2 protein chains.
Amino acid sequence: MGGARLDGRVERGNQTRQLVLGRAVHVASTEGLEGLSLGRLATELKLSKSGVFALFGSKEELQLATVRAAVAVFVDHVLTPTRAVPPGLGRVWRMCESWLSYSQRRVFSGGCFFYATIAEFDSREGKVHDALASTQTGWVTFVEETVEEARVRGELAADTDVSQLAFELIAFMELANAESVLHNNNPGYTKAARAILGRLHAVATDPSALPAAP
Amino acid sequence: MGGARLDGRVERGNQTRQLVLGRAVHVASTEGLEGLSLGRLATELKLSKSGVFALFGSKEELQLATVRAAVAVFVDHVLTPTRAVPPGLGRVWRMCESWLSYSQRRVFSGGCFFYATIAEFDSREGKVHDALASTQTGWVTFVEETVEEARVRGELAADTDVSQLAFELIAFMELANAESVLHNNNPGYTKAARAILGRLHAVATDPSALPAAP
DNA sequence: CCTACCGATCGGTAGG
DNA sequence: CCTACCGATCGGTAGG
């Protein structure tokens, strides 16, 4: 039937799309979203350039699809393991551990996809900037909610400034990623873990629930 | 004399070079060092493309000269005001204030030049990466030395982990820049100042020498 | 009419 | 610093 042929073509299109995006997120994490080239992706994947183009319609749509694909990877590697732990101080620490592990394992070959692409698009305008900005806001909100869960459960001091603490935790994680990618070494992760545990020990009502600083 | 004519030409060449680099540091802070284009700089400055090329010899040399020019600007706006204060806790705080002011005043139109370009080149290889990496190492060393000056003067607890504290201060400054450029707002600077003063209050032997947290 | 591609080429621009 | 070009590659589109 015609329907079966159509489904087969759509299915192949989806598979090719996933193939392209799987490559695009790694390229963008090292060379930036502007460094993505339809022709280069096509060559590397042994597809035609116009075939890749037909899948996305424009370079900007390829960039936006790449951001969405990277978000899905980030969710799998950071948010999902965090949610596997009950809300509270333990979940806050698991969140930070998962993030540092996500960066250190080079889930994206160029380190954190969002560090690279936000630095690239932060002072531009357009849909790609806006997609990255709202992704970043979503991550900050997730960190704040995770900290707030611990505070309302009485595992953090009641007067903890949740937004401030979230800012500080994110700062340590981001600099660990930046230093380790730039210098291709690991001391930044140790410093970040020490800094995070130091802040959490300072505000935890029962610090013994946390690991000692490394 | 031939020497006089040559000097005149060299002088004009130096002026044009400074003109080009003054434009290049701003372009690179917003669009990256790879986004620099000889032709675009020439058009904007009403020079010929090959004329600009002749001043630098290659795109990579233009990028390296742009990094050196940005270092000079950073020194003027951050290191020089820091050194105007006597060594100790006051100098540490002045260093952080100067950095936040340098970012917030958009001395480079795209925010901190080094945040943008290090994110761009961190996972590449070559002279530009190496120049940026050694610039970053130099900045970290300066922060550590400034903290150490305060510690040996007895203004910080004797057992302060200098390298760890420097990491934490830099993390707060970097995230303030990243957030404020991405969202084009200022709360990140307030959070960073609060975080920095919080850490300094915690290790200072005489916290009254510092401002209260904002 | 649709899709998922192909080989070839459009107008422009890159570094040199 | 200029004009005049080069080999190549960019994002995007043509007909089949």
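In this text, all values refer to a predicted model and were calculated from it rather than measured experimentally. Scope of the values below: all heavy atoms of this structure, side chains included, with no hydrogens, waters or symmetry mates. Order of the sequence lines sets the chain letters (A, B, ...), proteins ahead of strands, with each chain counted from 1.
At distances below 3.5 Å, at least one donor-acceptor pair connects side-chain atoms of S29(A) with backbone N or O atoms of G110(A). In this structure a side-chain-to-backbone donor-acceptor pair under 3.5 Å is missing from E168(B) to R199(B).
The minimum heavy-atom distance between A28(B) and A116(B), with the atom names listed, is O-CB, 4.3 Å. Minimum interatomic distance between E179(A) and F167(B) (heavy atoms only, all atoms of both residues): OE2-CD1, 3.9 Å. The minimum heavy-atom distance linking P81(B) with V78(B) is given by the pair CD-O, 3.5 Å.
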Which atoms of nucleotides 3-5 of chain D (N or O only) lie under 3.5 Å from a protein N or O atom, and what are those distances?
residue, atom, partner, partner atom, Å
dT3(D), O4, S50(B), OG, 2.5

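Salt-bridge annotation for R124(B) and E34(B): present, with a side-chain N of the basic residue lying under 4.0 Å from a carboxylate O of the acidic one. Ion pair E31(A)/R40(A) flagged as a salt bridge, since at least one NZ, NE, NH1 or NH2 atom sits closer than 4.0 Å to an Asp/Glu carboxylate oxygen.
Distances from the side chain of L47(B) to the nucleotides dC10(D), dT13(D), dC1(D) place dC1(D) closest. The side chain of L38(B) approaches dG15(C) more closely than any other nucleotide in the set dC1(D), dG15(C), dG11(D).
Using modelled atom types and a 3.5 Å distance limit, the side chains of Y189(A) and S103(A) yield a donor-acceptor pair.
Counting to the nearest Å, the C1' atom of dG12(C) and the CZ atom of R40(B) are 16 Å from each other. Spacing between atom CG of L19(B) and atom C1' of dC1(D) amounts to 13 Å, rounded to whole angstrom units. Taking atom CZ on F53(A) and atom P on dT9(D), their separation rounds to 20 Å, with Å as the unit. Distance NZ (K59(B)) to C1' (dT13(C)): 12 Å, rounded to an integer number of Å. Regarding L62(A), its CG atom lies at a distance of 13 Å from the P atom of dC10(D), rounded to whole Å. Counting to the nearest Å, the C1' atom of dG16(C) and the CZ atom of F56(B) are 15 Å from each other.
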Both distances under 3.5 Å, Watson-Crick or G-U wobble: on that basis, could you give the dot-bracket string for DNA chain C, with [ ] for crossing pairs and | for other-strand partners?
.....|...|....||
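Separating the P atom of dA8(C) from that of dG12(D) is a span of 22 Å, rounded to the nearest Å. Look at the P atom in both dG16(C) and dA4(D): the space between them is 22 Å, to the nearest Å.
When V128(A), L132(A), T117(A) are each tested for a side-chain contact (heavy atoms from CB on, under 4.5 Å) with Q63(A), only one passes: V128(A).
Between Y102(A) and W99(A), the two ring planes are perpendicular [angle over 60°; tilted spans 30° to 60°]. Classification of the F108(A)-F114(A) ring pair by plane angle, with boundaries at 30° and 60°, yields perpendicular.
Residues from residues 20-36 of chain B lying near DNA chain D, meaning a heavy-atom separation below 4.0 Å, are absent.
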